[in-house]
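Just so you know, residue 1 is the first one in the sequence shown, and it goes up from there.
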Amino acid sequence: MGAADAAQPAGGTTPAVLRDYALIADGHRGALVGPGGDVAWLCAPGWSDPAVFSALLGGAGRFLVAPAADRFVWGGHYEPGSLIWRSRWVTGDGIVESREALVFPGETGRLVLLRQVRALDRPARVRVVLDPRAGFGREPVRNVIRDGERWLARTGGLHLRLQGGGRLRRDRQGFLAGELTVPAGGRHDLVLELAAGRLDQPCESPEDLWHTTEHHWASVVPSLAGPAARDATLAYAVLRGMTRPGGGMVAAATTALPERAMAGRNYDYRYAWIRDQSFAGQAAALVGSYDLLDDAVSFLTDRVLAEGDGLAPAYTVGGEPVPREQPLDGLPGYPGASARTGNWVRGQFQLDAFGEVLMVLAAAQRHDRLDSDGRHAMRVAAEVIERRWAEPDAGIWELPPRQWTHSKLTCVAGLRAAARTATARPAAHWSALADRILADAAAHGLAAGGHWRRAYDDDRVDAALLLPGIRGALPPQDPRIDLTRRAIVDELARDGYLYRFRPDRRPLGDAEGAFLLCGFAAALSAWQAGDAVGANRWFERNRAACGPPGLYTEEYDVRQRQLRGNLPQGFVHALMLETAVTLGQAGPCR
């Protein structure tokens, strides 16, 4: 078996470690490209639709572009300010690149995947296999027609068109395969379209599609400067690529990747969480690039006005309810977990989400980007808090309902932020409500040492309690903020990373990985305390917890230096971006 065969898993074989996957996305869907040149994951036509390439979870379906040489090593990088990825392979005969992108901006019902093979210094032979299988690998291609350099086909309910595949041939399994020989310094373009409807319109030339994609990325990603500008710019591009224009931002591009092997903790994150959307909106407001802020405000406003008290923690990017969790029969799943779709979070009440909504709407108001609907949503969110703040809720970590201290304090921070942007009458009312909730938290949520505790009936610390202090629930000089920060770091920090909480008597790291969101929160908290050195240490340690493409998951296995959970995790990129700008590690070019 050659290296190209070994690098590309067929259905059911071993995938790569998560740190080696790159994301390409267009706002409406995203694909993961593996080190062996395989598109290992792509849902179509939208984020939460069934996958057409599902090798990541052991499914059938593949789109391979890789050197035909027996031996090669892999690398790659993103083109600056974009999600245009370049896979790069060094072989015994030369260097081969494959430039990868989803045409940007994307369309709702049609995706266009670009793969441009480049032979940099010598002629290159490249192996290509195209075998799309809709329905998570259940639907083989059918109705295959060749039209010169183009191929037309169907898979499930999707229509397919491939340009540039004239040298490929049908094989006995029904898919397209073959080799391309690219002359030294030459290029060969493959353009794959998948659509929910017929592909009757002519497809643009590869040159025009690349130009459109390059130009649009350049127009929507801000130019940042500073020591961490490259990583911060990529974080912004990830948030932009994961956000449907005018709609929601998916929490991650994938489903069912395990946070801990054999622990049953593998969830579907291809949906838009209210909290995550708020984090992204606040980061965008800080950067001063307002398209992402506007999208966050639009999505949150629509959901709050439509749902009120019944606001769910998450929706599809189009605002529909999240499907109930169910197993994906027939797929073995990523090693260490079973495959599943949907999410049980749809039935939860998360009080802190209303506080997060208030904060991002207030940020929009400060930048004069909040319309009358947004101001109405602010009032509705504040009214829900007033009615329900004393109830138990599922909290930021989506656990069984309790009186979580973080939820109360996040509402305090949200009410204070809203009051600062409101007229006198609602401002006074919201400030008084914030005082009332804070007094209750102080009466029931403080530990004997003077720091905030996880819940009214739980003396343990929780890294989430860093966030309300950062967000302004209390004045920065309030001693409870510093006492809480010190208690959290003393109890939950290891090797420069921070864990959420101590779930049981096991050592930290045995129950779950470090949470990168918490690590960046620790950096912001240290900065607020005036500890610039400590803040930068936290930031640098946690921003390094990624693979070669620079993407973050929710958890990081400190001992094994591996990413855990779904990829990429949007709210980690949002906090990384916010931290970089706050610490002066990145910011808009002046």
Side-chain angles (χ1 to χ4, degrees), residues 228 279 352 395-397 399 404-410 412-413 441-442 445-455 458-546 552 554-559 561 564 569 571-572 574-576 578-580 582-585:
F279 286 173
D352 69 298
I396 185 173
W397 307 131
L399 299 171
W404 298 107
T405 308
H406 166 269
S407 294
K408 315 294 185 187
L409 296 178
T410 299
V412 172
L446 282 174
H451 59 78
W452 298 112
R453 57 181 182 167
R454 285 191 80 204
D458 189 342
D459 273 336
R460 290 176 294 172
V461 292
D462 191 313
L465 290 166
L466 295 171
L467 293 168
I470 295 165
R471 300 299 189 210
L474 300 92
Q477 65 274 18
D478 191 299
R480 290 169 290 191
I481 292 180
D482 193 55
L483 287 169
T484 300
R485 181 177 69 88
R486 292 176 182 274
I488 288 170
V489 171
D490 287 347
E491 178 66 21
L492 300 177
R494 295 291 185 275
D495 198 25
Y497 299 97
L498 199 63
Y499 294 82
R500 293 189 301 171
F501 52 84
R502 188 179 290 277
D504 51 40
R505 295 181 180 275
R506 286 178 290 175
L508 290 173
D510 284 4
E512 63 181 21
F515 265 62
L516 297 179
L517 177 83
C518 299
F520 290 121
L524 291 171
S525 184
W527 182 264
Q528 184 184 60
D531 181 7
V533 172
N536 281 283
R537 283 175 176 168
W538 279 108
F539 174 71
E540 294 296 350
R541 189 63 162 155
N542 283 268
R543 83 162 167 136
C546 59
Y552 301 104
E554 186 173 40
E555 296 186 28
Y556 184 69
D557 188 317
V558 177
R559 186 180 298 117
R561 302 180 190 269
R564 304 295 186 207
Q569 193 78 23
F571 70 3
V572 177
L575 258 290
M576 183 272 168
E578 178 181 348
T579 307
T582 300
L583 272 56
Q585 290 270 14

> Are Glu540 and Arg543 close enough for a salt bridge, meaning some N to O gap below 4.0 Å?
Replying inline: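 Judged by the 4.0 Å cut-off on N to carboxylate O distance, Glu540 and Arg543 do form a salt bridge.
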>> Between the side chains of Asp495 and Arg559, is the shortest nitrogen-to-carboxylate-oxygen separation below 4.0 Å, so that they form an ion pair?
In response: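 Result for this pair is no, no salt bridge flagged.
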Pairwise distance [atom1]([X]) to [atom2]([Y]) - rounded to 0.5 angstrom:
X: Glu512; Y: Phe501; atom1: CD; atom2: CZ; answer: 5.5 Å
X: Leu498; Y: Leu466; atom1: CG; atom2: CG; answer: 6.5 Å
X: Arg500; Y: Glu554; atom1: CZ; atom2: CD; answer: 7.0 Å
X: Ile396; Y: Asp352; atom1: CD1; atom2: CG; answer: 6.0 Å
X: Thr582; Y: Leu575; atom1: OG1; atom2: CG; answer: 9.5 Å
X: Ile470; Y: Leu524; atom1: CD1; atom2: CG; answer: 4.5 Å

For [X] versus [Y], what's the shortest heavy-atom pair and its separation?
X: Arg485; Y: Ser525; answer: CD-OG, 3.0 Å
X: Ala463; Y: Tyr499; answer: CB-O, 3.5 Å
X: Ala441; Y: Lys408; answer: CB-CB, 4.5 Å
X: Pro468; Y: Ala413; answer: O-CB, 4.4 Å
X: Ala523; Y: Leu583; answer: O-CD1, 4.4 Å
X: Val558; Y: Ala514; answer: CG2-CB, 3.9 Å

> Take atom CZ in Arg561; do more than 12 heavy atoms of anything else shown fall under 6.0 Å from it?
Replying inline: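 No, because the 6.0 Å sphere around CZ of Arg561 holds 12 heavy atoms or fewer from other groups.
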>> Just checking Arg502: does its CZ atom have more than 12 heavy atoms from other residues, nucleotides or ligands closer to it than 6.0 angstrom?
In response: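 Yes, CZ of Arg502 has more than 12 neighbouring heavy atoms, counting only those of other groups under 6.0 Å.
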> Angle class for the Tyr552/Phe520 ring planes (parallel below 30°, perpendicular above 60°, tilted otherwise)?
Replying inline: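 Perpendicular.
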> Partners of Arg480 by salt bridge (Lys or Arg N to Asp or Glu O under 4.0 Å), sequence neighbours excluded?
Replying inline: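 Result, salt bridge (Lys or Arg N to Asp or Glu O under 4.0 Å) vs Arg480: Asp478.
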> Does Leu467 reach the side chain of Thr410, with side-chain heavy atoms less than 4.5 Å apart?
Replying inline: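 Contact flag for Leu467/Thr410 side chains = no.
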>> If you define the side chain from C-beta out and look only at heavy atoms, does anything of Phe279 sit under 4.5 Å from Leu517?
In response: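 Touching, per the 4.5 Å side-chain cut-off.
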> Thr405 side chain to Arg453 main-chain N or O, any donor-acceptor pair under 3.5 Å?
Replying inline: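 Yes, Thr405 side chain to Arg453 backbone: donor-acceptor pair under 3.5 Å.
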>> Using a 3.5 Å distance criterion without hydrogens, assess whether the side chain of Asn542 forms a donor-acceptor pair with backbone atoms of Phe515.
In response: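 Judged by distance alone, no pair lies under 3.5 Å.
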>> For a side chain to side chain contact (heavy atoms under 4.5 Å, CB included) check, start with the C-alpha distance between Thr484 and Val461, then their side-chain angles and the critical distance, and finish with the verdict.
In response: CA-CA 8 Å; Thr484 300; Val461 292; over 6 Å; no
>> Evaluate Val572 against Glu555 for side chain to side chain contact (heavy atoms under 4.5 Å, CB included), listing each step before the verdict.
In response: CA-CA 9 Å; Val572 177; Glu555 296 186 28; over 6 Å; no
>> Is a donor from one side chain sitting under 3.5 angstrom from an acceptor on the other, for Asp462 and Trp397?
In response: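 Yes, a side-chain donor-acceptor pair sits under 3.5 Å.
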>> I'd like to know whether Arg486 forms a side chain to side chain contact (heavy atoms under 4.5 Å, CB included) with His451, so could you lay out the CA-CA distance, the side-chain angles of the two residues, the decisive distance to 0.1 Å, and finally the verdict.
In response: CA-CA 9 Å; Arg486 292 176 182 274; His451 59 78; over 6 Å; no
> Pairs in or reaching into residues 526-535: which pass side chain to side chain donor-acceptor pair (under 3.5 Å), with residues at least two apart or in two chains?
Replying inline: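 Passing the test, one end in residues 526-535: no pairs.
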